[in-house]
2 protein chains.
Amino acid sequence: MAPGQTCPYTHRMPRNDARGGHTRGPSIRDVARLAEVSAQTVSRVSTGSDAVRQETRDRVLRAMEQLGYSPNHAARALRDGRFGSIGLLAHRFDRTGESMITDAVLRAAQAEGYGVTLVTVQDAAHDGWTPAANRLRHQTVDGLIIIRSEGHSTEQLALPTGMPVAVSDSRVHGVYPCVVSDELNSSRMAVDHLLSLGHRTVHYVAGPEDSEPARLRRAGWRTGLVQAGAEVPEPHVGDWTADSGYTAGTALAADPEVTAIACANDETAFGVLAALHEAGRRVPEDVSVIGFDDVSLSRFTQPPLTTVKQHFTTIGTQLFRLVMDQIGTPRTAEIPDVTVPTELVLRASTAPPRSASVSRAQTG
Amino acid sequence: MAPGQTCPYTHRMPRNDARGGHTRGPSIRDVARLAEVSAQTVSRVSTGSDAVRQETRDRVLRAMEQLGYSPNHAARALRDGRFGSIGLLAHRFDRTGESMITDAVLRAAQAEGYGVTLVTVQDAAHDGWTPAANRLRHQTVDGLIIIRSEGHSTEQLALPTGMPVAVSDSRVHGVYPCVVSDELNSSRMAVDHLLSLGHRTVHYVAGPEDSEPARLRRAGWRTGLVQAGAEVPEPHVGDWTADSGYTAGTALAADPEVTAIACANDETAFGVLAALHEAGRRVPEDVSVIGFDDVSLSRFTQPPLTTVKQHFTTIGTQLFRLVMDQIGTPRTAEIPDVTVPTELVLRASTAPPRSASVSRAQTG
DNA sequence: TGTTGCTATGTTAACGAGAACAACCCCTGG
DNA sequence: CCAGGGGTTGTTCTCGTTAACATAGCAACA
């Protein structure tokens, strides 16, 4: 071989062990070599093109299996500008709502051959969602699902244009496609239930101030009371946890006037229940308690918890659907908006107050 | 221009709107053109190389910002054979253990600049984990964390060689790096606690037969009884749910001989508690109940549940660490194995039996 | 003044896959 | 016997990025 010329056969350096133990898998070329065909033919087999003779196809398939080949996702993504994956952005994934939605999104996505990549923001108040979303733009995803529950409402969520997105937060109504439960009316429904049992008013243990669902649920409670002409007591502000419910419940238990308590969510209600029990106030004889969410354990409290059921799985499925619709077709002017219905689940934690002499004839 | 020659300026076709609305973002070349430098210089800026004059760097950064550029992840992944992402494989993500581990893994991963991609298998018994894991090989991940809880133990998990992996399943001891709680001894600890209170024996509500943790916890319970010379009653087999605990609890409540019940997990214990309460058997006066996991709500049952605390967050963090260690350095012969300690959390659901006349002097 | 040595920048090639096109086979029909 | 055509297979090129190498500019120094 002439000096200064590169030998074509030693040209490709083996660089498999370059990056700490993790070797690159076999490529389409390795398969091609083994099957004695061109790379393109291998590609045809792996994309399911029909223009391959049966015998050739078998040979290629055998080679693939022998090498344990599977197509490189990054190369495909680079080539066709799609990642086959969607991002799921939330504060945390270890709570009932988020984890159920996550599971549902994942199942829906996998059914359509999409992957799901998780993203959190450490401090939503400080970092905000936008940078995280932006980082994802070229990163790895074709679309984005955002579950916002805490976060300052002042911050406007700005996403790269053209990025398919679905948000579970009613604050983006009309800006981004969104899927939510009808928090406000559901909460009102809970209050109406208690009022219709004869309670004079309903006390409230709210969620954190910076949470939109918490705000809506609280507004629903208030509206229910106001429309019924009932007194509106000062709500106790919690943070979704049973702990905060316990604290609020302890205070409420001390007030003999309290006969009905609505809670921002079930966990809070669990804490309230524990506090009432500890204080010797019976549920529902002395005090009625109602929750929100219908987590799986709500059937097993003592007494079983009356609550408003949220269909998290449906929310997750719908969120994915909205994103997929945008990936499939050019964006329409119409911004879709899905409200997932809730339902009142009557169990044993609510009952008429003992002194239910005052009949409330109102029915509207 | 000579015929048959392609005009260099119209060469690149605009194909942005090709795939349904979602346009490709600006590429490194767009930035280069705007900043009037070469693509390589842009690359140098975005990888933080120092060999760029300050003035040039500023010009490039300005161009990046103006175009909203961010580097294409697929291209980078293709180029250096890394995806900057790890896979997390589990049956479901909507239960306490899985969701807490998921959240911990995600936080640890993000802290090191890694993404997390979720994967489930629809039917582990049928599909098995291996195909799912294999699909991930070239797919999108540099490493893999597997949370196995159900799945037939007969199936051996075979992973592509060289794929960094960490498994939360003691069945792969010595085969793959793994992180687990010491289920067996923890469960024994729970039984010992009850026996030491004076109970003659401890009844058991087990997890599903095809779950390894369930099997270990059950074995721990049995060992505890056998070593203490106590009678070993037939366990009730549940499926981790409060529902199954309720069913078992109803049966157990009917047997006046039963004074102590250990449960495969907290949810099951919640069901048992509900059944006992409904049957009029008091806890802990008539029957002691102990759980496993220490989910957040366990403090708020009536009475508060004595249980064995699992540190899910630690498990998640450790799993990620084990995977990272393999990505960073060539694989060592030693297969690491982490056992995360548990602790007995004493609350109010366990107490000596009422007829605690039989003193058990044994101590170990 | 020409060589050396450095810094800043540009050029080339390659990562793996697949669309577009070219080329080849073999068979049929004029 | 050769043109035409369908069925298979191979070649080329590109996606966006960056390592490796090449080059240009300039200062220091003998």
Side-chain angles (χ1 to χ4, degrees), chain A residues 4 6 8 11-16 18-19 23-33 35-60 64 67 69-84 137-140, chain B residues 4 6 8 11-16 18-19 23-33 35-60 64 67 69-84 137-140:
Chain A
T6 317
H11 182 69
R12 287 171 110 244
M13 284 300 177
R15 33 126 208 72
N16 267 349
R19 233 161 285 262
T23 66
R24 272 188 202 241
S27 82
I28 201 169
R29 268 183 261 264
D30 299 317
V31 177
R33 201 173 310 128
E36 298 178 285
V37 295
S38 72
Q40 182 57 41
T41 299
V42 177
S43 171
R44 275 190 268 260
V45 170
S46 79
T47 53
S49 158
D50 50 353
V52 181
R53 196 155 39 107
Q54 188 58 42
E55 189 218 298
T56 312
R57 179 187 304 276
D58 290 344
R59 200 144 36 90
V60 170
M64 282 178 170
L67 295 173
Y69 168 82
S70 87
N72 183 306
H73 196 84
R76 277 193 172 163
L78 173 58
R79 175 146 226 305
D80 27 90
R82 307 157 44 67
F83 296 90
R137 179 159 172 46
H138 296 258
Q139 292 285 320
T140 44
Chain B
T6 316
H11 181 71
R12 289 173 108 243
M13 282 302 177
R15 31 127 207 72
N16 266 350
R19 233 162 285 262
T23 65
R24 273 188 201 240
S27 82
I28 200 169
R29 267 183 261 264
D30 299 317
V31 177
R33 201 173 311 130
E36 297 180 286
V37 294
S38 73
Q40 182 58 41
T41 299
V42 177
S43 170
R44 275 191 266 260
V45 171
S46 79
T47 53
S49 159
D50 49 353
V52 180
R53 195 155 39 107
Q54 188 57 42
E55 188 218 298
T56 313
R57 179 188 304 279
D58 290 343
R59 199 144 34 89
V60 170
M64 283 179 170
L67 295 172
Y69 167 84
S70 86
N72 182 307
H73 194 83
R76 276 193 172 164
L78 174 60
R79 176 142 229 306
D80 34 81
R82 304 158 45 68
F83 297 91
R137 180 159 172 45
H138 296 252
Q139 293 284 322
T140 42

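In what follows, every heavy atom counts, from backbone to side chain, and hydrogens, waters and symmetry copies are set aside.
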For DNA chain C, which residues in residues 40-51 of chain A have a heavy atom at a distance below 4.0 Å?
->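 Contacting residues: Gln40(A), Ser43(A), Ser46(A), Thr47(A).
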Can you check the [X] [atom1] to [N] [atom2] distance for me, whole Å?
{"X": "Ile28(B)", "N": "dT18(D)", "atom1": "CD1", "atom2": "C1'", "answer": "8 Å"}
{"X": "Arg33(A)", "N": "dG10(D)", "atom1": "CZ", "atom2": "C1'", "answer": "16 Å"}
{"X": "Phe83(A)", "N": "dG16(D)", "atom1": "CZ", "atom2": "P", "answer": "10 Å"}
{"X": "Arg29(B)", "N": "dT14(D)", "atom1": "CZ", "atom2": "C1'", "answer": "9 Å"}
{"X": "Arg79(A)", "N": "dG16(D)", "atom1": "CZ", "atom2": "C1'", "answer": "13 Å"}
{"X": "Leu67(B)", "N": "dG16(D)", "atom1": "CG", "atom2": "C1'", "answer": "15 Å"}
{"X": "Asp80(A)", "N": "dA20(C)", "atom1": "CG", "atom2": "C1'", "answer": "15 Å"}
{"X": "Arg59(A)", "N": "dT8(D)", "atom1": "CZ", "atom2": "C1'", "answer": "12 Å"}

Report the nucleotide, chosen from [options], that has the shortest atom-to-atom distance to any side-chain atom of [X].
{"X": "Val37(A)", "options": "dG10(D), dA13(C), dA17(C)", "answer": "dG10(D)"}
{"X": "Ala75(B)", "options": "dG16(D), dG16(C), dT18(D)", "answer": "dG16(D)"}
{"X": "Leu78(A)", "options": "dG10(D), dT9(C), dG16(C)", "answer": "dG16(C)"}
{"X": "Asn72(B)", "options": "dG16(C), dG10(D), dG16(D)", "answer": "dG16(D)"}

Mind checking what makes side-chain hydrogen bond (donor to acceptor under 3.5 Å, both in side chains) contact with [X], not counting sequence neighbours?
{"X": "Ser43(B)", "value": "none"}
{"X": "Ser38(B)", "value": "Thr41(B)"}
{"X": "Ser49(A)", "value": "none"}

Report the residues that fulfil salt bridge (charged side-chain N to carboxylate O under 4.0 Å, His left out) with Arg76(A), sequence neighbours left out, ordered by chain and then residue number.
->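 Arg76(A) satisfies salt bridge (charged side-chain N to carboxylate O under 4.0 Å, His left out) with no other residue.
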Using the test side chain to side chain contact (heavy atoms under 4.5 Å, CB included), find all partners of Leu78(B) that sit at least two apart in sequence or belong to another chain.
->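 Per chain and number, Leu78(B) pairs via side chain to side chain contact (heavy atoms under 4.5 Å, CB included) with Ala74(A), Ala75(A), Leu78(A).
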Any side-chain N or O of [X] under 4.0 Å from OP1/OP2 of [N]?
{"X": "Arg76(B)", "N": "dT18(D)", "result": "yes"}
{"X": "Thr56(A)", "N": "dT9(D)", "result": "yes"}
{"X": "Arg53(A)", "N": "dT9(D)", "result": "yes"}

Quick one: does Asp58(A)'s side chain have a donor or acceptor within less than 3.5 Å of a partner on Glu55(A)'s backbone?
->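 It does not hold such a pair.
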Nearest atoms (heavy-atom pairs only) where Val45(B) meets Met64(B) =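 Taking Val45(B) first and Met64(B) second, the nearest heavy atoms are CG1-CE, 4.2 Å.
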